[in-house]
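Remarks on the structure that follows.
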Number of protein chains: 2
Amino acid sequence: MMTHNTTAEDMIRHHGGRATVGRIGILAILLAEQHAITHREIEQQLSETLPLDRVTLYRTLEWLVEKNLIHKVSSGDRVWRYHVNREMHTHQHAHFKCTRCAQVICLDDLPEKRNWQLPTGYRLQEIELTFKGLCAACC
Amino acid sequence: MMTHNTTAEDMIRHHGGRATVGRIGILAILLAEQHAITHREIEQQLSETLPLDRVTLYRTLEWLVEKNLIHKVSSGDRVWRYHVNREMHTHQHAHFKCTRCAQVICLDDLPEKRNWQLPTGYRLQEIELTFKGLCAACC
DNA sequence: ACAATAATTGCAACATTGTTGCATTTGATA
DNA sequence: TATCAAATGCAACAATGTTGCAATTATTGT
Ligand SMILES: [Mn+2]
Ligand SMILES: [Mn+2]
Ligand SMILES: [Zn+2]
Ligand SMILES: [Zn+2]
């Protein structure tokens, strides 16, 4: 049974980066989290055990995104949320954001991938689909 | 043939607001614009003819959204874009954002409105769908 | 284990977008 | 034209994110 810390360290080393205590701690937090969480939320969790400069956190998250170990979600407020990449996330997927508690979850898939119709001359690269409403806890 | 200014003034009066020179000018700019544009872009257009405080612009845009004369779009960067409401916009619709020139257009409709599947207990209120890619000019 | 070195970090300063409080000005109405 | 609530301008603040650079640290070779 692997702890999140050792999993995180493995993931980082496999991508040729230095396995620093900060990177490991940050990725371990994201591995333990089932929702997509903000820079601020990660910072708060870190402050309990491993204080880290805000800038380092920003740069580490950016690095983890580059290495494709996590992805970030823009959910309408002007705040990025981060979530670890699991197998289901190798392709594009939709998100749900609760309008009451602001929690964001990743959904399995982009439903009905076909049939998106754009004006002529437009080239599609990526689809961003966010459902908003109330989560089960807030209903 | 109505000028955008008189159209704007009519729209504002019909909603019981004061027809100030600022509100009219802002709404006229949005009426003349086919794309969804940012606070910053509106400010630049205004600066040529009708300098206006940033805060007033923010508050006016908020007021126009409340009155349902315009709507705002969150397009992934942390910047709101504003677009006048036309008939086609009375219901929800998708948007396209060019990843090169950042232009945002409103698309006609939410394709395939049915069939969105959420986890049990979740209640859907709103769908935010943004296509990203290259516009005709940038292809 | 130690030194060399490049990658990572911390800190200060800055940028952008947006909000709030309050005094002043202005549009609508009588 | 006088009145007065609504709208505006200004200053200060807040949240989120970025940049430059010197100090630190993880890795590698010895
Ligand atoms: Mn996701
Ligand atoms: Mn729109
Ligand atoms: Zn909720
Ligand atoms: Zn373009």
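Nothing here was measured: the structure is a model prediction, and the numbers come from that model. Per chain, numbering begins at 1; letters A, B, ... match sequence-line order.
B:Gln44 places its CD atom 12 Å from the P atom of C:dT16, with the value rounded to the nearest Å. Atoms OH (B:Tyr58) and P (D:dC13) sit 19 Å apart, rounded to a whole Å. The separation between B:Glu43 atom CD and D:dG9 atom P is 12 Å, rounded to whole Å. One atom, CG of A:Leu50, and another, P of D:dT25, lie 13 Å apart when rounded to the nearest Å. A:Leu46 places its CG atom 12 Å from the P atom of C:dT9, with the value rounded to the nearest Å. Taking atom CD of A:Glu41 as the reference point, atom C1' of D:dT16 lies 14 Å away to the nearest angstrom.
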Report each atom pair, protein N/O against N/O of nucleotides 20-22 of chain C, whose distance is under 3.5 angstrom.
{"from": "C:dG21", "atom 1": "O6", "to": "B:Arg59", "atom 2": "NH2", "distance (Å)": "3.3"}

Any protein N or O atoms within reach of nucleotides 26-30 of chain C? Criterion: under 3.5 Å, listing atom names and distances.
{"from": "C:dT26", "atom 1": "O2", "to": "B:Arg18", "atom 2": "NH1", "distance (Å)": "3.3"}
{"from": "C:dG27", "atom 1": "N2", "to": "B:Arg18", "atom 2": "NH2", "distance (Å)": "3.2"}
{"from": "C:dA28", "atom 1": "OP1", "to": "B:Arg13", "atom 2": "NH1", "distance (Å)": "2.8"}
{"from": "C:dA28", "atom 1": "OP1", "to": "B:Ala19", "atom 2": "N", "distance (Å)": "3.0"}

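Under the side-chain hydrogen bond (donor to acceptor under 3.5 Å, both in side chains) criterion, A:Glu62 pairs with no residue at all, not counting sequence neighbours. With sequence neighbours left out, the side-chain hydrogen bond (donor to acceptor under 3.5 Å, both in side chains) criterion links B:Thr60 to no other residue.
Legend: side-chain hydrogen bond (donor to acceptor under 3.5 Å, both in side chains) pairs involving residues 16-30 of chain A, not counting sequence neighbours: none detected. Residues in residues 64-85 of chain A take part in these salt bridge (Lys or Arg N to Asp or Glu O under 4.0 Å) pairs, two or more places apart or across chains: A:Asp77-A:Arg81, A:Asp77-A:Lys97.
In this structure, B:Val104 shares a hydrophobic cluster with B:Val73, the cluster being traced through Ile, Leu, Val, Met, Phe, Trp and Tyr side chains under 4.5 angstrom apart. By the 4.5 Å side-chain criterion applied to Ile, Leu, Val, Met, Phe, Trp and Tyr, A:Ile12 is assigned to a cluster that also includes A:Met11, A:Val21, A:Ile24, A:Ile26, A:Leu27, A:Ile29, A:Leu30, A:Leu31, A:Ile37, A:Ile42, A:Leu46, A:Leu50, A:Leu52, A:Leu57, A:Leu61, A:Trp63, A:Leu64, A:Val65, A:Leu69, A:Ile70, A:Trp80, A:Tyr82, A:Val84.
If you check residues 60-83 of chain B against DNA chain D, the residues with a heavy atom closer than 4.0 Å are B:Thr60, B:Arg78, listed by number. If you check residues 22-36 of chain B against DNA chain C, you find no residue with a heavy atom closer than 4.0 Å.
Between the side chains of A:His95 and A:His93, at least one donor N or O lies within less than 3.5 Å of an accepting N or O.
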Per-pair distances, 0.1 Å, donor-acceptor, side chain in residues 125-139 of chain B, under 3.5 Å, sequence neighbours excluded:
{"from": "B:Gln125", "atom 1": "OE1", "to": "A:Thr99", "atom 2": "OG1", "distance (Å)": "2.9"}
{"from": "B:Glu128", "atom 1": "OE1", "to": "A:Lys132", "atom 2": "NZ", "distance (Å)": "2.8"}
{"from": "B:Glu128", "atom 1": "OE2", "to": "B:Ser74", "atom 2": "OG", "distance (Å)": "3.1"}
{"from": "B:Lys132", "atom 1": "NZ", "to": "A:Glu128", "atom 2": "OE1", "distance (Å)": "2.8"}

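With distances taken from any side-chain atom of B:Leu52 to the nucleotides C:dT19, D:dG9, D:dT16, the minimum falls on D:dG9.
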For this session: Please test B:His35 against B:His83 for side chain to side chain contact (heavy atoms under 4.5 Å, CB included), starting from the C-alpha separation and ending with a verdict.
Result: CA-CA 7 Å; B:His35 302 293; B:His83 197 236; 5.7 Å; no
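Heavy atoms of A:Arg54 sit under 4.0 angstrom from at least one base atom.
Rounded to 10°, the angle separating the first-five-pair axis and the last-five-pair axis of the helix from C:dA1-D:dT30 to C:dA30-D:dT1 equals 30°.
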